[in-house]
Amino acid sequence: MKKIAVFGYNRLSYEAISRLDIGTHDILIIETDESLAAIAREKGFQTAAIDFRSDQDLKSIGIGKNVDIIFCFLPEDSKNVFLTISARAIDKDVDIIAIVEDPQSDEKLIAAGANKIIDPYQICGQKIHELIKKPDITNIMDHTVFGRHDLHMAEITIPEHSYLENTYTSELTLNEKHNLVLIGVVDKELDEQLHFAIGEKDHKLDAGDIMVVLGPSREIRAFKKEVSHVSTDKI
Amino acid sequence: MLARTLVYFAYLLKTSEHYTQTKRFFYNLIENPQSRMKSYFDIFMVCLVMLSVFFLVYNVEHALTETGEFFEQFVVVVFIVEYLLRAWLYSDSHRIIIEEYEKAKYLNTRFSLFKSLRRIIGKKFEYMLSLFAIIDLLAILPSYRPLRILRILLIFRLFKLFRYSNSIKVFADILSSKRFELITLAIFMGILVFISSLAIYLFENDSIGGNVRDLYDAFYWSIVTLSTVGYGDITPITIGGRLVTVTLILTGLGVLSFFTSIIVAAFNDKMYTLRENRTYAELSRYKNFIIICGFGRVGQEIAKLFEIDKQPFIVIDKDENNVFLAKQKQYLSIQDDASKNTVLINAGINRGATAILCTTGNDVTNVYVTLTSRYLNPDISIISRANRQDNVNKLYQAGANNVIQPFEIAGLLAAEYVGQPVAFEAILGILQNQKQILMETLTVQPGSLLENKQIGELDFEKRKLTLVGVISSNKKHLKHPNRYKLKNQHFYFNPQKQFELQEQDIVVVLGREYTIEHFQDQIEKSRLAPGK
C-alpha cells in the first residue's frame with residue numbers, strides 16, 4: 001500500500017488521483033480552503049488542513065514515516081519550492097512530484113529536491129504539436145495508452161527465480177506467445193536507463209530488471225502472473 | 001436606337017468572360033496591391049522613369065542621340081498606355097449603363113442615355129482630376145527642348161515615382177490625420193510671416209540703407225529666419241530691424257517645435273497600423289501556416305516547437321504584453337481580438353491556413369473563436385484547449401476537431417509516473433522525441449516493397465524496428481484479431497505473421513530516427529524502381 005500526500009486540491013490533483021488505484025494507494029489530500037476540502041471529501045478522499053510551512057505539521061501527517069509519494073500541486077511555484085525543500089529535508093527518499101507554473105521555476109524545483117516536474121502547459125503545447133505533426137500516432141496513443149481502449153503500456157519487474165531469468169531479449173517471443181509488444185528494458189547490469197527494444201542490443205534479463213510492454217490489459221495481467229511464477233525446472 | 005445598342009453592348013460586356021478576364025489581368029498588373037505582378041510592373045516603371053529622367057538631364061548639356069530620341073518616344077508611349085489603362089480600370093462604365101437602365105425599368109421611367117453618359121464621363125473626370133492622374137498627364141508631355149521652362153515637367157516624372165511606392169500614401173495619410181492641427185499652424189504661420197515681412201520691409205528697405213529691396217525679399221527673409229535657416233544673404237542692420245528679427249527667431253522656434261510634435265504624434269498613431277500592414281503583407285507570402293489564437297503559456301510552448309520545426313505560423317492575442325513577447329521572439333503577431341471575423345480573415349483563415357489553435361486560458365473565448373473559425377472555414381482543422389471538463393463537449397459542438405485539456409493530460413502523466421514510472425518514461429520519451437526514438441508511420445505506397453507482403457516476410461527485427469501495429473480502413477483485414485476502432489479506420493495491434501499489407505495501409509513502427517528514414521527511403525526507391 002503506497003501512501004500519497006497530495007498538497008492542493010485542484011483540477012490537476014483530481015485528474016491524477018482519480019486515475020490511481022484506491023486499492024493499492026492510500027491518498028491524503030492537504031487543502032486549507034475548506035470549500036475545496038469539502039469537495040474532496042465528497043468524492044471520497046481523506047483530507048487534512050495542515051500548514052505546509054511547519055515541519056511539525058508535515059511530520060504529523062506522516063512525512064518521514066510512511067508517506068511514499070508527495071504531490072506538490074499548490075497554486076504558487078514559491079510554495080511548491082518551499083514544500084519540496086521542507087519535505088526533502090525530512091525524508092531523503094520520498095518521491096516528490098511538483099507542478100510548475102513558470103517554466104523558470106523548473107530548475108529551482110529540481111534543485112529543491114523534486115524528482116519529477118510536471119508543466120501542464122508545456123505538455124499541452126507538445127500534445128497539440130504532436131496532433132498537428134503526427135495525427136495518426138497521436139490518435140493511436142490517445143485511444144489506447146491514454147484512453148478508453150484496452151491497449152496499455154505496463155512495466156513488469158522480473159522477480160527472483162522467475163522463468164525469465166537469464167533469458168535474452170531476443171529469445172522472448174512476446175508477440176506470438178503473449179500478444180504483447182516489447183517496448184523497452186531497464187537492464188540493471190548496464191544502468192538505470194530505459195533501453196528501447198529496437199534490436200540494437202541484446203539484454204540479459206535478470207531479477208530486478210524491468211520490461212515495458214504494450215498490449216491488452218488482459219494479456220498484461222496474464223503475462224505478469226506467468227512471470228512471477230517461480231520456475232521449478234531451472235537448476 | 002443608339003441607346004438600345006449601347007445597353008445591349010453593356011450587357012454583352014458584363015457577360016463576356018474574356019472581357020472580365022482581361023480587365024482583371026490588367027487590374028492585377030497595375031492596381032492590385034496584393035498581386036506579385038504589380039510589384040514587377042512597379043519596378044519596371046520606376047526604372048523607365050529614372051532612365052528617361054537621366055536622358056532628359058543629359059540632354060540639358062549635350063545633344064540627344066538617336067537612341068535617346070527613340071527611347072523618349074518609347075517612354076511617352078508607355079506612359080500614355082498606362083494613363084489610358086488606369087482610366088479604364090478606374091470605373092466600370094458598362095456597369096453604370098446597366099444600373100441606369102435597370103433603375104429606369106424598375107421605376108418605369110424613360111432610360112436617359114444622356115444621364116448615363118454624363119455619369120460615365122463624370123467618373124472618368126474624377127480620375128483625371130486626382131492628383132496622381134494629373135502628375136501622370138504632365139509627365140507625358142515630352143520636354144520640348146527650345147522651351148526651357150518645360151524642363152520643370154521633368155520634376156513631374158519624378159513625382160510619378162511616388163505612385164509606385166507605398167511610402168507617399170503612408171506619409172499623406174499621416175499628414176491628413178492631423179490636418180486640423182496643421183491647418184491651424186499654417187494660418188498662424190501665415191499671419192506671422194505677413195507681419196514680419198511688412199515690419200522688416202519698413203525697417204530695412206534699401207531707401208534707408210538696408211538690404212531688403214522689395215516685399216519679395218522681405219518675404220524670403222522672413223521664411224529663412226522663421227525656419228531658423230538664416231542664410232545670411234539678407235541681414236538686418238537697423239535697431240528696429242534687429243528687434244523684429246529677435247522676435248521672429250523666438251516665435252520661429254516655437255512654431256517649428258509645434259510642427260515637429262504634431263508630425264511625431266501622427267507618426268506614433270500610425271506606427272501601429274503600419275506594423276500591422278507589414279505583418280499582413282508578410283503573411284500573404286506563406287503557403288501553409290498555422291494560426292495560434294492566444295499567446296499564453298500553451299501558445300508560447302507551441303510556438304517554440306513550431307520554430308524548431310520551421311513551421312510558419314502567426315500569433316493573435318488581445319493582450320499587448322503577450323504580443324510584445326511574441327514580437328521579441330521575432331514571431332509574426334497581431335494584437336487584436338481573434339473572435340472578430342475581420343481579424344481571422346486578414347490572418348488568412350481562408351488563404352493558406354492549415355489549422356487554427358485556440359489556446360487561450362478562457363474557455364468562453366476558445367468556444368467563440370472556434371465557432372467563428374468553423375463558420376468562416378468549414379474545412380480547416382481546429383484544435384482547442386479546454387480548461388474545464390464541462391466545456392469539452394461545447395467545444396466539439398462549436399466545431400473543434402480536437403479538444404485538449406492540459407490538466408487532464410498532466411494528471412494522467414502524474415498518475416502514470418506514480419504507478420508505472422518506467423512505462424511513463426517510455427511514453428514520454430516516445431512522445432517528445434527525446435531519445436531519438438520515434439514512433440512513426442509508414443504508408444504502404446502502391447508498387448512499393450511493402451505492398452501485398454505478409455508481416456512474417458518483412459524482417460522488422462533485422463531493420464532494427466519494432467512493429468507496433470497497422471492502421472487500415474481496408475475491409476480485408478477485418479477478420480484479424482486485436483482490432484481497435486479509430487475514427488474511420490481500425491488499428492490492428494501486433495498483427496499476425498499472415499497479415500498481408502495492402503495499399504494505403506499505415507504501418508506503425510518504433511525505432512531510431514535514421515533507421516526509420518532509411519527504411520522510408522528504401523520504400524520510396526522500390527516504388528520507383530522499374531520493372532516491378
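Remember, it's a predicted structure, so these values are computed and weren't measured experimentally. Below, chains carry the letters A, B, ... as their sequence lines are ordered, and counting in each starts from 1.
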Interchain contact, A:Asp95 with chain B, by part (heavy-atom threshold 4.5 Å): side chain
Side chain, backbone, both or neither: which part of B:Gln496 has a heavy atom under 4.5 Å from chain A? neither
Pick from A:Thr157, A:Asp119, A:Asn10 with the largest number of heavy-atom pairs that fall under 4.5 Å of chain B: A:Asp119
Please find the pair of heavy atoms, one from A:Gly125 and one from B:Glu301, that lie closest to each other, and give the distance. CA-CB, 4.2 Å
With only heavy atoms counted, which part of B:Arg388 is less than 4.5 Å from chain A, the side chain, the backbone, both or neither? backbone
Report which part of B:Thr359 has an atom under 4.5 Å of a heavy atom belonging to chain A: side chain, backbone, both, or neither. side chain
Counting only non-hydrogen atoms closer than 4.5 Å, can you tell me which residues of residues 497-505 of chain B sit against chain A? B:Lys497
Is B:Gln311 close to chain A through its backbone or its side chain, or both, or neither, when contacts mean heavy atoms under 4.5 Å? neither
Greatest number of heavy atom pairs closer than 4.5 Å to chain B - which of A:Pro103, A:Ser18, A:Gly215, A:Ser13: A:Pro103
Could I get the full list of side chain to side chain donor-acceptor pair (under 3.5 Å) partners for A:Arg221, not counting sequence neighbours? none
Is there a donor-acceptor pair under 3.5 Å between the side chain of A:Lys127 and the backbone N or O of B:Pro406? no
Looking at chain B, which one of A:Ile210, A:Ile132, A:Ile69 has the largest number of heavy-atom pairs inside 4.5 Å, strictly under? A:Ile132
If you tally heavy-atom pairs under 4.5 Å between each of A:Ile4, A:Ile183, A:Leu131 and chain B, the highest tally belongs to A:Leu131
Does any heavy atom of chain A fall under 4.5 Å from the side chain of B:Leu510, the backbone, both, or neither of them? both
Side chains of A:Phe73 and B:Phe407 in contact at under 4.5 Å (non-hydrogen atoms): no
Below 4.5 Å from any heavy atom of chain A, which atoms of B:Leu357 appear? Answer side chain, backbone, both or neither. side chain
Side chain of A:Arg11, backbone of B:Asn387: donor and acceptor closer than 3.5 Å? yes
